[in-house]
Each structure stands twice: as structure tokens, then as C-alpha cells.
Visitor: 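Can you read through this structure? Questions will come right after.
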2 protein chains.
Amino acid sequence: MKPPAAPTRNYHHGDLKNTLLATASQLIAERGAEAVSLREISQAAGVSHTAAYRHYADKQAVWADLAEAGFRELAEINRTRVAKTKGGPVEQLGACGRAYVEFGVRRPHLLQLMFGGSIVDWQSYPSLVQASAALAETLAGVVKAGQESGELRAGELGDLTLTAWSLVHGLALLIVGRRIPGVTIDEGFVRHAAERSVQLLIEGLRRPPTRRAKRN
Amino acid sequence: MKPPAAPTRNYHHGDLKNTLLATASQLIAERGAEAVSLREISQAAGVSHTAAYRHYADKQAVWADLAEAGFRELAEINRTRVAKTKGGPVEQLGACGRAYVEFGVRRPHLLQLMFGGSIVDWQSYPSLVQASAALAETLAGVVKAGQESGELRAGELGDLTLTAWSLVHGLALLIVGRRIPGVTIDEGFVRHAAERSVQLLIEGLRRPPTRRAKRN
DNA sequence: ACCTGAACACCGTTCAAGT
DNA sequence: ACCTGAACACCGTTCAAGT
């Protein structure tokens, strides 16, 4: 019932919404959300500085859309890594941790946008909330599988998941924020920090029983 | 050798720098740094909108000063709690975790300012970097004491500290950012989440040996 | 339906000038 | 030394108007 001709493009631009999103994504990747204006994005997209208001209520809505895409991408990466990981839930959790941290290092400004408080009224964007929750559920799935297979301890799934999430989340933010004194952040450090942290979380900080002391 | 009279106050205001800082602190606590302008701070402090430039190079410098105070305060809280805690390093780590999370919940906007990326050129503020590092050292001290007393496992101090720091940091940010789906954030939740997370970190996520199964 | 351009009420920052 | 006021180059957002 739609008119056959007249492809999606119309008056001036065609697919302005996606063009805006891609432009914004690139500018933010370069300089961070704090340093990017809506007028600038519009100009880079080749439209007047008010055109975006046809597609977004305001600047926050653009940020929310970008953050949502970030959450979906990060969750997808996690799922892929989990699926690819040989070994049990312990190894899978390690893979998630690495993926989370590597994502942050690869796209620091996007991670800041997702978690840094640039988006004030989170509740106004239900699909953003949902995408963020989906990320947590990826981790929850791994923990749950580990409990069912008996490799991870019993207890409230939410508690264990929150703990694992907090660890990888905090690690990624500390690294991306360059808040760790005295270290150079390169691929080697990221891999080591992620693996060691997840290992310590899984095995515990407490001194292991001596009967089976592993060399460290 | 200083002139005895003429108390610090002079021309118009006296102690404008501290007045600005206190005003900014309050406005940020109410609405978050993103929503506060320098002109507004100046007006609330009762001076013209350019007076701040006599004391700060720019807006970022004001933010940096506030964040630095936040780091010093949080580190101080941690030290106090550690000193007050009866029991070993395990209990002390738990106290640090709670303190960190409670600080974030009490001053969410300040935590966002300290860690949320509002301050772009971190390196320009060496005393801020130092204050942030001092916070990490508080945690390192606890971990080190635990290793020396034999209660915590051996291994690189930096690794164990980073892991513990990441956990409490991530937990605080997830809670403050209200990123945890399906929970109400009240004092009970905060206490439970902090204690349970630190406990899991210390004991590990792996299924405990059955010979001495603790009731959970 | 989609976009433009003028307009409004703001910003951060600079600078000559006042006391 | 410390502060003011005008000025500059920006913002985000609204709205009447164009096609």
C-alpha cells in the first residue's frame, strides 16, 4: 500500500537521523561528549543547526541514543566472547571481564557517555534502561550457568552478579579514567589486570589453604 | 615579617576563593556539575561573573579543586574507618568498601565529578592526581597489612589493591548511577551490597570446598 | 513531512578600566 | 591586588516560515 517510488530519501537529506548519529558518534569518539555541540554535529552532517530537532527532542536524546547503541554493542561482544570461550564459567567470566575492559579502552569517550553522568534523566529513555539491563543479564547468565554446573558457589544470583559486574566495571573505569597511579596502559597491562582481577575474584583474596598451595 | 593588621579580607570580599568553592560545592551537590555555570556560582557568591578568574584559570580549575577536596575527604574517611575497625584486614577491607559506597550515595554528584570525566585534562592538576593516588594508597595499606599478617594471599600488592579498588569503585558507581535493575537503593541495600561484595571478593566466587561448608 | 533562519536567553572567557 | 562591565564568540532551543 506504500507508494512504490520515492525511496526513503525525501526533501533534502534522506536519512538524517542515522547521519546525525554516525556523525555524533565520530565526534564524541574524537573529543568526548562534553566537547561536542549539537550545532557542530548538525553542521558536520550538512544540515542547519536546528534540523536535529525534527528527529530528537533535545541534545540529551541524541546522547541517550548513542549510549544505547553502546550498551547493545558491549552486550553483544560479551555474548560472542562467552560463546567462543572454551572451558567453564570461570573462563567465561574472565572473557567477559576482558571484553568489558577492552571495550572501554577502545572507546573511552563512549564508555564515559554510557556511565559518566552526561545523561541526566535516565528514566526518560526506557530503551536505554533496557539496553543497560541487558548487559547485566549477560553477566548474570554466565554466573547462573556456573552455579548450575557447580563450579561457582551457591547464593543469590543477583549478589554474585553484582559483585562480578562491579569488579569489571570499576576496573574498566579506573583504567579508562587513567586513575591508576604508576602504570602504563597498554594491551599487556589491560590483559593482565583483567585476568588477574577476575582470577582473584573467583578464588578470593583470602590466603588459600596451604595443603594445595599453588605457585603464584 | 607579615604586616600584623589587615586580616585576610581586603577590597570587596575577603575570602572569595573559599566562598566560591563552598558555593560551587553546594550547587553541584544539588544539581550536578553539568547543570551549574560559573556565572551562576559567581552570582550566588555575590560577585560579578568574572571575579572567579582572579582565583581560577577557568571553570575546569574550579572543578579540579572541588574534586581534589572530594578525594581528600574520601581518603580521610577510609583512614578513620580502618583505624576504628576492630578485627583484621578482612574486616578493614569491608569497612573501606562500605565507606566508599556510602560516600558515593551521600554525594552522588561529587562522585560523578571525581570520576565521571567532567575534568578533561587531569594532568594539568598535579595535586588532584596526588589526592586521587592517596586514596588508592589507603586501600593498598590495608591490603599490605593483610598480607603481612598472613590473612590475605601473597602476590603483587598492586594487583590485589587494584582488584579491591575496582570492586568497591565499580559498586559505588553502579549504585550511584542507578544502573542496577530491579533494586531499590536504600541504606539496607547499600550495606548488604557492600558487605556481600567484599565478602565474595575475599572468599572467592568459586564453590568452597565441601569439608567446611558454611551456612550462607 | 522535513528543513531553514532569525531570534532568545543563556554560556565561558578576555580585557580595558576602575578603586 | 582585587573586582567590574562591556564585549566576543559561542551555546541549546523555539518558532514562524518556506518547499
Side-chain angles (χ1 to χ4, degrees), chain A residues 1-24 27-28 31-66 113 117-121 124-125, chain B residues 1-24 27-28 31-66 113 117-121 124-125:
Chain A
M1 280 304 176
K2 290 175 193 166
T8 331
R9 71 171 43 234
N10 36 28
Y11 180 62
H12 201 128
H13 209 100
D15 193 14
L16 181 55
K17 185 163 180 172
N18 281 321
T19 305
L20 285 170
L21 224 48
T23 309
L27 287 173
I28 284 178
R31 286 181 279 135
E34 326 265 318
V36 177
S37 74
L38 210 45
R39 290 171 103 108
E40 189 181 6
I41 295 169
S42 303
Q43 195 188 17
V47 290
S48 86
H49 63 270
T50 59
Y53 289 90
R54 210 45 49 184
H55 300 278
Y56 289 102
D58 50 25
K59 197 185 184 186
Q60 286 276 297
V62 180
W63 280 191
D65 218 355
L66 284 170
L113 179 63
S118 302
I119 298 166
V120 177
D121 189 13
S124 301
Y125 309 99
Chain B
M1 282 302 175
K2 291 174 191 166
T8 333
R9 72 171 42 234
N10 36 29
Y11 180 62
H12 199 129
H13 209 100
D15 193 14
L16 181 54
K17 183 163 180 171
N18 281 320
T19 305
L20 285 171
L21 223 48
T23 310
L27 287 174
I28 284 178
R31 288 181 278 134
E34 327 264 320
V36 176
S37 73
L38 210 45
R39 290 170 103 109
E40 189 182 6
I41 295 169
S42 303
Q43 196 188 16
V47 291
S48 86
H49 63 270
T50 59
Y53 289 90
R54 209 46 49 183
H55 301 278
Y56 290 102
D58 50 26
K59 197 186 185 187
Q60 286 276 296
V62 180
W63 280 191
D65 219 354
L66 285 170
L113 179 62
S118 302
I119 299 166
V120 177
D121 189 13
S124 302
Y125 309 99

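Note on naming: letters A, B, ... go to the chains in the order of the sequence lines (proteins, then strands), and numbering restarts at 1 for each one. Every value quoted in this text rests on a predicted model; they were computed, and no experiment measured them.
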Visitor: Excluding sequence neighbours, so at least two apart, what forms side-chain contact (heavy atoms from CB on, under 4.5 Å) with B:Arg54?
Guide: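 For B:Arg54, no residue satisfies side-chain contact (heavy atoms from CB on, under 4.5 Å) once neighbours in sequence are set aside.
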Visitor: Given D:dT4, C:dT4, C:dT13, identify the nucleotide with an atom nearest to the side chain of B:Val47.
Guide: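 When the side chain of B:Val47 is considered, D:dT4 is the closest of D:dT4, C:dT4, C:dT13.
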Visitor: Suppose we screen for side chain to side chain donor-acceptor pair (under 3.5 Å). Which residues come up paired with B:Tyr56, at least two apart in sequence or across chains?
Guide: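 Expected list: B:Asp65.
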Visitor: Tell me which of B:Lys59 and A:Ala51 sits closer to the 5' end of DNA chain C, going by the nucleotide each one is nearest to.
Guide: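 That would be A:Ala51.
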Visitor: Over how many whole Å does the gap from B:Leu20 atom CG to D:dC2 atom C1' extend?
Guide: 12 Å
Visitor: Residues in side-chain contact (heavy atoms from CB on, under 4.5 Å) with A:His49, at least two apart?
Guide: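 Applying side-chain contact (heavy atoms from CB on, under 4.5 Å) to A:His49 gives A:Arg39.
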Visitor: Nearest whole angstrom, please: distance from the C1' of D:dG12 to the OH of A:Tyr56.
Guide: 17 Å
Visitor: What is the distance from CD1 of B:Ile41 to P of C:dT13, rounded to the nearest Å?
Guide: 11 Å
Visitor: Below 3.5 Å is the cut-off: list the nitrogen or oxygen pairs between protein and nucleotides 6-10 of chain D, distance only.
Guide:
none

Visitor: Partners of B:Asn18 by side chain to side chain donor-acceptor pair (under 3.5 Å), sequence neighbours excluded?
Guide: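 Counting only residues at least two positions away or on another chain, B:Asn18 forms a side chain to side chain donor-acceptor pair (under 3.5 Å) with B:Asp15.
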Visitor: Tell me: NE2 of A:His55 to P of C:dA1, nearest whole Å?
Guide: 13 Å
Visitor: Rounded off to whole Å, could you give me the CG-to-P distance for the A:Asp15 and C:dC2 pair?
Guide: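 Nearest whole value for this atom pair: 11 Å.
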Visitor: Treat a base pair as Watson-Crick or G-U wobble with both distances under 3.5 Å, then lay out DNA chain D in dot-bracket form, 5' to 3', with | for cross-strand pairs.
Guide: ||.|||||...|||||.||
Visitor: Taking all non-hydrogen atoms of both residues, which atom of B:Trp63 and which atom of B:Ser118 are closest, and how far apart?
Guide: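 So the minimum-distance heavy-atom pair works out to CD1-CB, 4.2 Å.
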Visitor: Give me the atom names and distance for the closest heavy-atom approach of A:Tyr125 to A:Ala61.
Guide: OH-N, 3.4 Å
Visitor: Which sits closer to the 5' end of DNA chain D, A:Glu40 or A:Ala57, going by the nucleotide each is nearest to?
Guide: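 This one resolves to A:Glu40.
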Visitor: How many Å lie between CD on A:Glu34 and C1' on C:dC11, as a whole number?
Guide: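 Result: 15 Å.
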Visitor: Only counting residues at least two apart or in another chain, list the ones meeting side-chain contact (heavy atoms from CB on, under 4.5 Å) with B:Ser48.
Guide: B:Thr50, B:Ala51
Visitor: Distance check needed: C:dT13 P versus B:Asp58 CG, whole Å only.
Guide: 5 Å
Visitor: Calculate the interatomic distance between B:Leu16 atom CG and D:dC3 atom C1'; express it in whole Å.
Guide: 9 Å
Visitor: Could you please name the option among C:dT13, D:dT4, D:dC3 that lies closest to any side-chain atom of B:Arg54?
Guide: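 Output: D:dC3.
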Visitor: Quick one: side chain to side chain donor-acceptor pair (under 3.5 Å) partners of A:Ser124, sequence neighbours excluded?
Guide: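 Partners of A:Ser124 under the side chain to side chain donor-acceptor pair (under 3.5 Å) test: A:Asp121.
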Visitor: Kindly state each residue pair satisfying salt bridge (Lys or Arg N to Asp or Glu O under 4.0 Å) with at least one member in residues 40-51 of chain A, sequence neighbours excluded.
Guide: A:Arg31-A:Glu40
